[in-house]
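As structure tokens, the structure follows; a few thoughts come after it.
All of these numbers come straight from a predicted model, not from anything done at the bench.
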Amino acid sequence: MGTREHVVTIGRLELSRRWRVLSGNTAQLIAIGISALFFVPLGLGGMIGTYLFGSGVASGEIETPLSLTRLGFVYAWLFVAGFGGYRAYATALRPDRLEGYLTTVSHRELLAGLLLAECVVWGAPAILIAVGGSLLFAAGTGSVLSAPLLFLTVCTTLATALTTGFLVSLTIRNAGVRSKLLTRLRSVLFGLLAIAYFGVIFTQSFASVLEPLYHLLEPTPIGWYGDLALVGSVSGASIGRSAGTLLASGAFLLASAAALPRLAAGVWYADGVHIEHEAEPESSSTGNRLSGLLPQPVLGVATADWKRARRAPITLTFAVYPLFLLISPVMNAVQTGTIGRGLPIWIVCFGPWIAGALFALNVVGNEGAALPATLLSRAPGRALVVGHVVAGVLLVGPVTLVTVVGLGVASPHTMGAVVTLAVSALVLTVFAGPIATGIGAIFPRFEEVSVSRSTEAIVPSMLAFTAYSLVVFLVAMPTLVAHSSIVGHAIASAIGPSQAVVRIVGTIASCTLAAIAGLLSAAYAVRRVEGFHFD
């Protein structure tokens, strides 16, 4: 079998493996289907937009078509380079059974096969959109020459942007496998990057980030793609810059064809640095402070939860999904510079939600390989249930309480409303964990699932997470309704008591429901754990 057959076979195997993994994950299939509902209309709208743009260029209605086209291609290049770099770092260049591949084919053939798979997955739809958009643009401008030139521009832009993303990704990974400092700081760097990313989203500071990059790239061959796309359609488009960007892109792709295999070999064949962690003391300072307050079995479970979270925080990302629902109110607060009534109310719901989901939503499955030894200990049910609950409450409870009080004071809420919100936040946080234990015991998960390309962990089942989310929301509903300026005022006007009384009643109702549901759920979880000996 020659090199070409090896490359095609590797690409086909990679595509079949991806499809097998995808078809076995119902949630991911649903997510992709939902994404398609947005991207397919977006692609069709983009093609129609090229026709309208071409018509505007031909009629002279668009005054600065060259500047707009350069802006569009620079932004598109940046997006594709960023997306391609992320794909390369996270998945595309991390094939399963890497050692097996490298013992049968060369790293060049493996790299070519992986790139072929990427081109089929992402290149085929892009080319279809490019063909349709080019033809519609040519129809709008009335110039036949516009279609092949625009198609050539789009393909060249995609090729150079994806190649740049792969080069940057491999360079970063080469530095990471050889630098102890970067290996130690990897989690910190990714955390800072995530904070910056969400900070840009929350503050809608895209222009402040993209404009400097545009001004930097506009005089380069990347900006000249706009000239190449409009040659024959706009008199200001330079033939010299168009030829220059084609020559520069071709030279870059040829140089990258030599650099990419070397960088890939540097990653795939490297032994990597090894960080030796010092043995952790059996009793940390936190454990010493809590040892007099909590029984040792309970403290041991809570400490184990905290250690797992510190060593592999990515395994707990499912518990912060509720924070995405806060994007809109947080963005509104940042844009207006004021804290509305709704933000502290929603924190009362989302804080306990996270506290219960972190560790208590899979009380048996969380133990993994340590489950047999745990079940042989004295009173394992009570220790597991209380320990997982305590771990979430002590970690999230103080943050939730301080956030609710701080936002409540800064908002238009009265001090009485701040007090009732704080009480609800505290009680709901304490009992969200017990609520989660029983639901997790009903829908346990014992097998590991992929939480990233290179990490597998035991996480709560989708049924458990959904049922728990519904129960927490229903329990918090009286507080949410009573403190709502619209609904709470309507209830007070209809029934007669003041809004303060409505808020107090709502708080008492939520706290009572949380206590009843939590105690019953925890008792069931303890029985399930104790009865697990006989399953």
Side-chain angles (χ1 to χ4, degrees), residues 7 10-11 14-15 17-18 21 74-99 101-102 105-123 126 155-198 200 209-210 213 216-217 220 222 249 251-273 314 317 450-455:
V7 171
I10 292 170
E14 183 67 13
L15 290 173
R17 183 197 63 79
R18 293 183 188 182
V21 173
V74 169
Y75 281 3
W77 189 92
L78 288 171
F79 173 79
V80 174
F83 178 76
Y86 171 78
R87 285 276 308 170
Y89 186 92
T91 59
L93 297 180
R94 297 175 183 265
D96 287 344
R97 307 295 186 266
L98 175 62
E99 295 80 4
Y101 273 126
L102 295 177
V105 297
S106 69
H107 64 278
R108 291 181 176 83
E109 293 172 333
L110 175 57
L111 177 63
L114 297 177
L115 292 176
L116 175 61
E118 284 292 292
C119 290
V120 171
V121 172
W122 304 106
C155 291
T156 308
T157 303
L158 291 175
T160 55
L162 283 173
T163 303
T164 301
F166 274 64
L167 285 171
V168 172
S169 171
L170 285 172
T171 301
I172 293 174
R173 290 191 60 193
N174 268 278
V177 298
R178 289 170 173 79
S179 172
K180 288 187 177 181
L181 177 62
L182 291 178
T183 301
R184 291 179 183 275
L185 297 178
R186 180 173 55 187
S187 298
V188 176
L189 295 175
F190 277 116
L192 293 175
L193 184 62
I195 292 173
Y197 173 74
F198 286 108
V200 171
V209 175
L210 293 177
L213 295 176
L216 178 66
L217 296 176
T220 69
I222 297 173
S249 299
F252 173 74
L253 293 175
L254 288 175
S256 300
L260 282 172
R262 292 180 179 272
L263 291 172
V267 174
W268 290 338
Y269 291 123
D271 291 333
V273 297
I314 193 174
T317 52
S450 296
V451 294
S452 72
R453 176 72 175 183
S454 57
T455 304

Task: Exam field: side chain Arg173 to backbone Ala264, donor-acceptor pair closer than 3.5 Å - done: no
Open item on the list: Looking at Ser169 and Gly165, would you say the former's side chain and the latter's main chain have a donor-acceptor pair under 3.5 Å?
Closed with: no
Quick check for you: to the nearest 0.5 Å, what is the distance between [X] atom [atom1] and [Y] atom [atom2]?
X: Arg108; Y: Leu260; atom1: CZ; atom2: CG; answer: 11.5 Å
X: Glu14; Y: Leu110; atom1: CD; atom2: CG; answer: 8.5 Å
X: His107; Y: Leu98; atom1: NE2; atom2: CG; answer: 12.0 Å
X: Leu111; Y: Arg262; atom1: CG; atom2: CZ; answer: 13.0 Å
X: Leu167; Y: Phe252; atom1: CG; atom2: CZ; answer: 5.0 Å

Quick one: closest heavy-atom pair of [X] and [Y], and the distance?
X: Val267; Y: Leu170; answer: CG2-O, 4.0 Å
X: Ala159; Y: Leu253; answer: O-CD2, 4.0 Å
X: Ile10; Y: Gly113; answer: CG2-CA, 3.8 Å
X: Ala92; Y: Leu114; answer: O-CD1, 3.7 Å
X: Ala126; Y: Leu158; answer: CB-CD1, 3.7 Å
X: Leu15; Y: Ala117; answer: CD2-O, 3.7 Å

Open item on the list: Would you say CZ of Phe83 has more than 12 non-hydrogen atoms from neighbouring residues, nucleotides or ligands within 6.0 angstrom?
Closed with: yes
- [ ] Give the intermediate values and the outcome of side chain to side chain contact (heavy atoms under 4.5 Å, CB included) for residues Leu263 and Phe166.
- [x] CA-CA 10 Å; Leu263 291 172; Phe166 274 64; over 6 Å; no
TODO: Assess whether side chain to side chain contact (heavy atoms under 4.5 Å, CB included) is satisfied between Thr157 and Val80, documenting all intermediate values.
DONE: CA-CA 9 Å; Thr157 303; Val80 174; over 6 Å; no
TODO: Could you tell me if the ring centre of Trp268 sits under 6.0 Å from that of Tyr101?
DONE: no
TODO: Tell me, please, whether Tyr89 has Arg94 positioned over its six-membered ring: NZ or CZ under 6.0 Å from the ring centre and within 45 degrees of its axis?
DONE: yes
Open item on the list: Trp77 and side-chain contact (heavy atoms from CB on, under 4.5 Å): which single residue from Thr164, Leu213, Leu162 fits?
Closed with: Thr164
Task: Student check: side-chain heavy atoms of Leu78 and Ile222 closer than 4.5 Å - done: no
